[in-house]
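For clarity, every value in this text was computed on a predicted model and none was experimentally measured. As a basis for the values below, the full set of heavy atoms in this structure was taken, side chains included, without hydrogen atoms, waters or symmetry mates.
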Amino acid sequence: GFTSGRRFEIFPERLGQILSANIACASISYSLVGNGANTVYDCAVDCFDAARFLSKNAKTLGLNSGKMAFYGRSAGGLLALLCGTASPCGFLGSPELQSYNFTPQCVCAVSAVCDFLSFKNASPALVKGLFGKNAIMEGDIVKKLTPSEYINKDMPEVLLVHGTADTTVPIDCAVRYYQKAAKLSSKISFLQMPNGGHKLECPNAAFAAEFAKTQFASQLDMYKRNLL
């Protein structure tokens, strides 16, 4: 989320499978929004800086910074889409990292905020809390932080995953993103979970478990296809 969460909240079994495929993983901590101290833009800059840090230290860490994938859920999905498709020049942070580049190859975004049209009736207080005291929903900073603004024919491969019953982030935004991207790029796929909620939960636990396996298999295949 933008207001809470820790980078250690990961899926050990899935992480193990990714590592077994000879793909290195790094979990990113970013500034949290609250009390007017940070905004969603700060969250995004932290993620871009994390990618630049990995690029800077790629040789020491034994990484290929020319091949990088991004994954995120909910708020993290938005940030993953930004890191994967937006120009890093628009999200500059630490001066000592600004000269380092990275090359996104693919993105997996789960239950992600792909645009803010579904939140156009959000209260001014919420908008200012997320984007800054002078922000409005139709303003430039909100547009800058909207993943669908960066869709283009040369974008890396993107896998969207969303539950049809998500009430936290309605699936409509993912549908709009997919429809717009599909007109420009063949490298876009969309897994929809029937009756799935924001955490891809549903009343049928067996179905939810099976869908999770299908989703991760698609995700891992995408990583292998683009990173190895």
Side-chain angles (χ1 to χ4, degrees), residues 1-2 5 7-30 43-44 47-48 50-51 54 63-86 102-115 146-148 150-152 154-164 166 168-169 171 173-182 184-193 196-201 208-228:
F2 291 124
R7 65 187 172 96
F8 303 106
E9 295 174 355
I10 55 179
F11 301 94
E13 181 181 344
R14 294 184 182 182
L15 178 62
Q17 292 183 55
I18 296 172
L19 294 173
S20 295
N22 202 31
I23 299 171
C25 298
S27 187
I28 298 173
S29 287
Y30 53 83
C43 300
C47 293
F48 275 91
L54 293 173
L63 304 175
N64 180 355
S65 61
K67 290 189 175 183
M68 197 172 290
F70 292 91
Y71 164 82
R73 299 171 66 95
S74 193
L78 177 147
L79 297 172
L81 286 169
L82 288 177
C83 286
T85 60
F102 59 92
T103 307
Q105 299 295 320
C106 56
V107 178
C108 178
V110 180
S111 304
V113 181
C114 300
D115 66 39
T146 299
S148 59
Y150 301 100
I151 292 173
N152 65 82
D154 299 316
M155 63 192 285
E157 184 173 356
V158 173
L159 169 63
L160 298 177
V161 184
H162 220 109
T164 62
D166 188 341
T168 304
V169 179
I171 193 174
C173 65
V175 171
R176 286 190 293 269
Y177 187 101
Y178 174 76
Q179 291 175 340
K180 181 178 180 180
L184 298 175
S185 172
S186 61
K187 298 186 293 183
I188 177 77
S189 52
F190 189 13
L191 293 178
Q192 299 185 44
M193 180 182 180
H198 188 58
K199 296 181 179 180
L200 299 183
E201 77 286 0
E210 190 61 33
F211 182 87
K213 291 180 181 179
T214 300
Q215 176 229 310
F216 182 68
S218 298
Q219 183 180 339
L220 186 57
D221 285 346
M222 180 178 69
Y223 292 163
K224 291 178 178 178
R225 186 164 55 249
N226 288 281
L227 301 177
L228 301 179

If you take all heavy atoms of His198 and Asp166, which pair is closest and at what distance?
ND1-OD2, 2.7 Å

Taking all heavy atoms of Met68 and all of Leu54, pick out the closest pair and write down the distance.
CE-CB, 4.3 Å

4.5 Å side-chain heavy-atom contact, Phe211 and Val161
yes

After noting the C-alpha distance and the side-chain angles of Ile151 and Tyr177, does the key distance pass the side chain to side chain contact (heavy atoms under 4.5 Å, CB included) rule?
CA-CA 8 Å; Ile151 292 173; Tyr177 187 101; 3.7 Å; yes

Residues in side-chain contact (heavy atoms from CB on, under 4.5 Å) contact with Ala44, at least two apart in sequence or another chain:
Leu79, Leu82, Phe91, Leu145

Would you name the heavy atoms of Leu184 and Asn152 that are closest together and state the gap between them?
CD1-CA, 4.1 Å

Are more than 12 heavy atoms from other residues, nucleotides or ligands located less than 6.0 Å from atom CG of Asn22?
no

Those residues at least two apart in sequence (or on a different chain) that pass side-chain contact (heavy atoms from CB on, under 4.5 Å) with Leu19 are Leu15, Cys25

Taking the side chain as C-beta and beyond, is there a heavy-atom pair between Pro156 and Asn226 under 4.5 Å?
no

Who are the side-chain contact (heavy atoms from CB on, under 4.5 Å) partners of Arg14, not counting sequence neighbours?
Phe11, Ala212, Gln215, Phe216

Before giving the answer on side chain to side chain contact (heavy atoms under 4.5 Å, CB included), spell out for Ser218 and Leu159 the whole-Å C-alpha distance, their side-chain angles and the decisive distance to 0.1 Å.
CA-CA 8 Å; Ser218 298; Leu159 169 63; 4.2 Å; yes

Working note: Phe70 + Thr85, criterion side chain to side chain contact (heavy atoms under 4.5 Å, CB included); need CA distance, chi angles, decisive distance, verdict.
CA-CA 10 Å; Phe70 292 91; Thr85 60; over 6 Å; no

